[in-house]
Structures are given as structure tokens and as C-alpha cells.
Student: 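The structure under discussion is supplied below as C-alpha cells; questions concerning it will follow.
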Amino acid sequence: MNIEYKDKVTNKLYREVIAFANGSGGTIKIGMTDSKSVVGLESPLADENALYDQLSKMVEPMPLIEVNQEHLDGQVILDVKVKATEHVYRKRDTLFEEIYIRYGSKKRLLRTPEEVHRFIRMRQLDETENAQTNTVFNAEDFTEFVDFVQAQPTIKDSFANINEDLEGVLASYNAIRWNNGEFVLTQLGTWLANSSQTRAVLLQYSGDRSTSFCQQASDFSGSIVTQLSRIMAILKTVQSVYPNDLIQQCVVNAFTHRDYSLQGDVSVVIFANRVEVTSPGTLVEGLSIESVKKGARIVRRNPLLHALFVDLGLTDGRGDGIRSVMDSYKDGDDKPKISIQKDSIVIKLPRLEKVEKTTSEPKIRKEMTHEEAIMTHLVKHKKAKNIDIQQILGVSPSRVTQIVREMVSKDLLVATGERKGRMYTLSALNQEE
């Protein structure tokens with residue numbers, strides 16, 4: 001239970017009430033010291049009236065409180081229960097002055113416009129990222145988040161004391177909340193924790209289709225910031241053939257705006273000619289792709305997570321992501337494609353340059369058949385395994401097996417060895433040619 005002890009009604013007591021009312025509620029024991037010693041009140045009724053009078057003059061809106069007299073050790077004290085509501089409590093006749101909130105056993109004044117704005121937005125949220133869970137905060141479950149913050153090239157003041165005051169940092173973004181004497185995670189906190197149940201996947205194909213040879217398949221777990229950083233490390237190998245920072249922007253948006261109530265994963269698929277980024281969930285109700293392209297007001301699904309990513313420098317927070325994507329390709333022939341599926345949003349980013357098959361041997365003309373491509377390779381390299389042919393053609397292993405079997409049956413190729421060690425060479429007839 002959140003309890004504050006005061007030996008008397010002071011002229012600044014209203015600040016404690018504001019802090020409780022803006023948090024999860026609490027109790028003020030008037031007539032007791034911080035050490036919980038009972039000193040009592042000489043005129044408890046007069047003190048009760050003075051409290052009500054102070055709150056009515058100093059706080060807006062009027063807080064909901066219940067005051068009862070208690071008898072302890074032969075003394076009378078006031079037990080003041082403060083109820084928390086969805087309102088933003090502040091100094092009367094002001095918009096944003098003296099907004100106090102409570103973290104743990106201490107109250108805190110919101111001093112900057114950014115802090116005030118974030119708090120007001122938090123009060124307006126529905127039960128998504130702001131929802132409280134039953135998971136008790138454990139600092140060891142946030143080591144990945146701390147490591148990520150400290151690895152950033154520049155660190156904002158809000159993260160400066162993350163080692164000494166991790167609770168304060170997380171509470172300032174409402175990732176944890178004080179409840180019945182301990183910090184518990186909100187939904188946002190569960191996404192940032194090492195034990196996050198969210199996942200992301202990355203696939204890379206040698207060709208332009210998912211039937212091409214799969215060069216890489218990675219499944220990421222842990223804190224969402226860890227998932228994000230690992231994906232970005234892999235994407236650096238292809239980022240140079242896309243507009244500046246565009247892939248990062250799309251992947252960050254996929255994590256920021258996804259619907260975390262759905263079971264799907266953020267997915268990044270790299271093809272030879274494009275990158276596809278999929279984010280679970282559709283647009284917030286009332287928006288469409290066309291309206292966003294035309295500059296419609298952005299309604300963010302996860303504003304707290306978005307604010308955190310802005311402060312981490314992962315996004316600029318302007319809310320013009322889709323328009324930026326389209327503008328990046330305004331001079332190109334190929335344009336991005338953005339589609340809304342039943343339960344996801346998919347964005348397809350074409351490469352800025354035309355792509356030919358990337359292999360170690362001379363580039364294969366696009367008009368070549370599969371058979372011609374294989375034979376061109378064998379003229380120079382003499383022999384090839386299945387995996388070599390997969391990389392040349394950019395097709396699936398089963399398709400390679402089908403192609404080489406047909407070529408062997410036509411006496412175009414000779415196969416020697418078994419299974420993985422099988423080697424293909426040109427037939428004697430074709431070598432003579």
C-alpha cells in the first residue's frame with residue numbers, strides 16, 4: 001500500500017495528494033512521523049476542515065478523498081485515502097503547473113513540457129501498452145535494454161542515470177508502475193524485458209522469389225530493442241542499394257506501430273531485387289494508406305513506445321514515414337508497394353539498381369535458360385555441386401534436383417557421387433562442342 005506520513009497539515013500537503021491522485025492512489029497518515037511514531041492531533045476536526053479547504057483552493061479538479069479519524073496509542077490521527085482517476089491533477093487555475101506524480105515512495109514534479117505531454121498522453125491511453133501486468137519488476141530482466149541504451153552514439157539526459165536509477169528511467173516511460181509496495185511491469189515493460197514473448201524473423205533468398213535458395217533464416221527473441229539491433233546489423237550488408245536509412249526507418253516503424261496483441265512476428269525478407277517488411281496489425285481505425293500519403297494526422301497505436309524510440313534516436317518522430325518512403329523513389333521506375341492484409345501491413349522496397357544474379361562467375365544474361373546457365377558455368381569451372389547450381393539459378397533445392405535430372409537424362413550432364421557429395425560435369429559430347 002502507498003502510504004505517506006505527516007505530523008500535521010502543512011500548507012504544501014496538497015502536493016502529496018496530487019501525486020497520489022495522478023498515480024495509483026494511496027493513503028496519508030496525518031498525526032504520525034516518517035518513522036511511524038504517533039504524535040496525534042489536538043484538533044482533528046479542524047485539521048480535516050483545513051485539508052478540504054486547502055485542496056479546494058489549490059488543486060484542480062478536486063481530488064476524491066475519504067477522511068477518517070483513527071485512535072492509536074491514545075492519540076487521534078487522520079487517515080486520508082486518495083483515489084486515483086483518469087484526470088490530470090494540477091495546481092488550480094493553471095494548465096500544467098505543479099503536476100506531481102509518484103514513483104515508489106517519492107513524489108516527483110514534472111518539470112519539462114515533454115514530461116507533461118508524455119504524462120497527459122499516458123492518461124488518455126486505452127488498455128494496451130499502458131496496461132498493468134502482474135509481473136514484478138526485476139532489474140536482471142532488463143540487461144539487454146540497458147546494454148542497448150549504452151551502445152547508442154548519443155544518450156539523452158533521460159537515460160543518463162540508467163545504471164543507478166533503472167527504475168526511474170523505466171517508470172518515466174511507464175514501462176513499470178508502483179503497485180502495493182513494489183514495481184510491476186506494464187505491457188510496454190514486458191516488450192522491453194529480456195523475457196519478452198514477442199519475436200521477429202529475417203529471411204534472405206538468393207533470387208527474387210521465396211522458392212529461391214534460402215541463404216539465411218534467423219529467428220530473434222529477447223527484448224524488442226535487441227531484436228531490432230540484430231536485424232539492423234544484418235541489413236547493413238544490403239542497405240547501400242536502398243535510399244539512405246530507409247530500411248531502418250521501415251523496420252523501426254514495424255516494431256513501433258505493430259499490434260502487440262496479435263501473435264504474429266515482425267518479418268524482414270531480403271530478396272535479390274527487394275526487401276519486404278511485415279508488421280502485425282493493420283492501420284489504426286479511420287486511416288488508410290492513401291490518406292496517410294496525403295498527410296492525414298497520424299494516430300499512433302503505441303505512443304509510449306514511440307516516445308521511447310524517439311528519445312533513443314531510432315526515429316525522428318515526425319510521423320511522415322509512408323510519405324518519406326514514397327518520396328525516396330520519386331525519380332525511379334520501380335515504386336514501393338504498401339499493402340494491408342487481413343492482419344498485417346506489408347511494405348515492399350525495390351532496389352535502386354537493376355539486379356542480375358550475383359555469383360562469382362561472369363554475370364548470366366537474363367534471357368539464358370536454366371540449362372544454358374548451368375552449362376556456361378561448367379565450361380569455365382568444369383564441375384559443380386547442387387549448392388553451386390542453386391546459387392547460380394536462385395531457385396529452391398528441389399527445383400535444382402528436377403533440372404539436373406532432366407539434363408542428365410538428355411546426356412547434357414554426367415552425375416557422379418551420392419547425395420550431398422554428388423558432382424555434375426558436362427557430358428563428353430558437350431565437352432567436345
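Nothing fancy with the numbering, it's 1 onward along the sequence.
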Student: Quick check against the 3.5 Å criterion: does T256 have a side-chain atom that pairs as donor or acceptor with the backbone of H306?
Tutor: no
Student: Does the side chain of S427 come under 3.5 Å of the side chain of D411 through a donor N or O and an acceptor N or O?
Tutor: no
Student: Can you sort out the partners of Q248 under side chain to side chain contact (heavy atoms under 4.5 Å, CB included), two or more places apart, ordered by chain and number?
Tutor: M232, V252
Student: What I'd like to find out is whether the side chain of K91 reaches to under 4.5 Å of the side chain of V59, using heavy atoms alone.
Tutor: no
Student: Roughly how far, to the nearest 0.5 Å, is the CG atom of N194 from the CD atom of E144?
Tutor: 4.0 Å
Student: If I compare all heavy atoms of L192 with all of S223, which pair ends up nearest, and what's the gap?
Tutor: O-OG, 2.7 Å
Student: Check whether any side-chain heavy atom of V149 sits under 4.5 Å from a side-chain heavy atom of L312, and report yes or no.
Tutor: yes
Student: If you round to the nearest 0.5 Å, how far is CD1 of I338 from CD1 of I347?
Tutor: 4.0 Å
Student: Roughly how far, to the nearest 0.5 Å, is the OG1 atom of T112 from the CZ atom of F96?
Tutor: 12.0 Å
Student: Check the angle between the aromatic planes of F159 and Y173 and answer parallel, tilted or perpendicular using the 30° and 60° thresholds.
Tutor: parallel
Student: Please report the closest heavy-atom contact between S206 and A272, naming both atoms and the distance.
Tutor: O-CB, 3.5 Å
Student: Within the distance-only criterion (no hydrogens, no angle test), does the side chain of R90 pair as donor or acceptor with the backbone N or O of T94 below 3.5 angstrom?
Tutor: yes
Student: So F145 and I162, do their side chains get closer than 4.5 Å, heavy atoms only?
Tutor: yes
Student: For K6, is there an ion pair with E16 - N to carboxylate O distance below 4.0 angstrom?
Tutor: yes
Student: To the nearest 0.5 Å, tell me how far E276 CD sits from L349 CG.
Tutor: 9.0 Å
Student: Just by distance, do the side chain of T376 and the backbone of E372 share a donor-acceptor pair under 3.5 Å?
Tutor: yes
Student: Check A200 against D219 and note the closest heavy-atom contact, atom names and distance.
Tutor: O-OD1, 3.4 Å
Student: Please say whether the positively charged group of R258, taken as NZ for Lys or CZ for Arg, lies over the ring of F255, i.e. under 6.0 angstrom from the six-membered ring centre and within 45 degrees of the axis.
Tutor: no
Student: Please check: side-chain N/O of T135 versus main-chain N/O of L185, any donor-acceptor pairing under 3.5 Å?
Tutor: no
Student: Is the shortest side-chain heavy-atom distance between E98 and Y14 below 4.5 Å?
Tutor: yes
Student: Assess whether a salt bridge exists between K36 and D34, defined as any Lys/Arg side-chain N lying under 4.0 Å from an Asp/Glu carboxylate O.
Tutor: no
Student: Can you tell which of K107, R102, K29 makes a salt bridge (charged side-chain N to carboxylate O under 4.0 Å, His left out) with E4?
Tutor: R102
Student: Strictly distance-based, threshold 3.5 Å: is any side-chain N or O of S212 a donor or acceptor partner for the main-chain N or O of Y205?
Tutor: no
Student: Please, which pairs that meet salt bridge (charged side-chain N to carboxylate O under 4.0 Å, His left out) have at least one residue in residues 148-171, sequence neighbours excluded?
Tutor: K156-D311
Student: Check whether T190 reaches the backbone of Q187 with its side chain - one donor and one acceptor, N or O, closer than 3.5 Å.
Tutor: yes
Student: Using side-chain heavy atoms (C-beta onward) and a distance below 4.5 Å, is I403 in contact with I374?
Tutor: yes
Student: Closest heavy-atom contact between I155 and A160?
Tutor: CG2-N, 4.4 Å
Student: When Q227 is tested against each of D265, V266, T198 for side chain to side chain contact (heavy atoms under 4.5 Å, CB included), which residue passes?
Tutor: T198
Student: Do F142 and F137 have their ring centres less than 6.0 Å from each other?
Tutor: yes
Student: Donor-acceptor check, side chain of E182 to backbone of V136, threshold 3.5 angstrom: yes or no?
Tutor: no
Student: Can you see whether Q341 engages D343 through a side-chain donor-acceptor pair at a distance of less than 3.5 angstrom?
Tutor: no
Student: For A21 versus V82, what's the shortest heavy-atom pair and its separation?
Tutor: N-CG1, 3.8 Å
Student: Is there a donor-acceptor pair closer than 3.5 Å between any side-chain N or O of S344 and the backbone N or O of P280?
Tutor: no
Student: Using a 4.5 Å cut-off on heavy atoms from C-beta on, say whether the side chain of V379 contacts that of L426.
Tutor: yes
Student: With distance as the sole test, does E129 use its side chain to make a donor-acceptor pair with the main-chain N or O of L305 at under 3.5 Å?
Tutor: yes
Student: Between H377 and K383, what is the shortest heavy-atom contact and its length?
Tutor: NE2-O, 4.0 Å
Student: When rounded to the nearest 0.5 angstrom, what is the spacing between CG in D93 and CE in M58?
Tutor: 9.5 Å
Student: What distance do F20 atom CZ and K81 atom NZ have between them, rounded to the nearest 0.5 Å?
Tutor: 11.5 Å
Student: Donor-acceptor pair, Q152 side chain versus F148 backbone, under 3.5 Å?
Tutor: yes
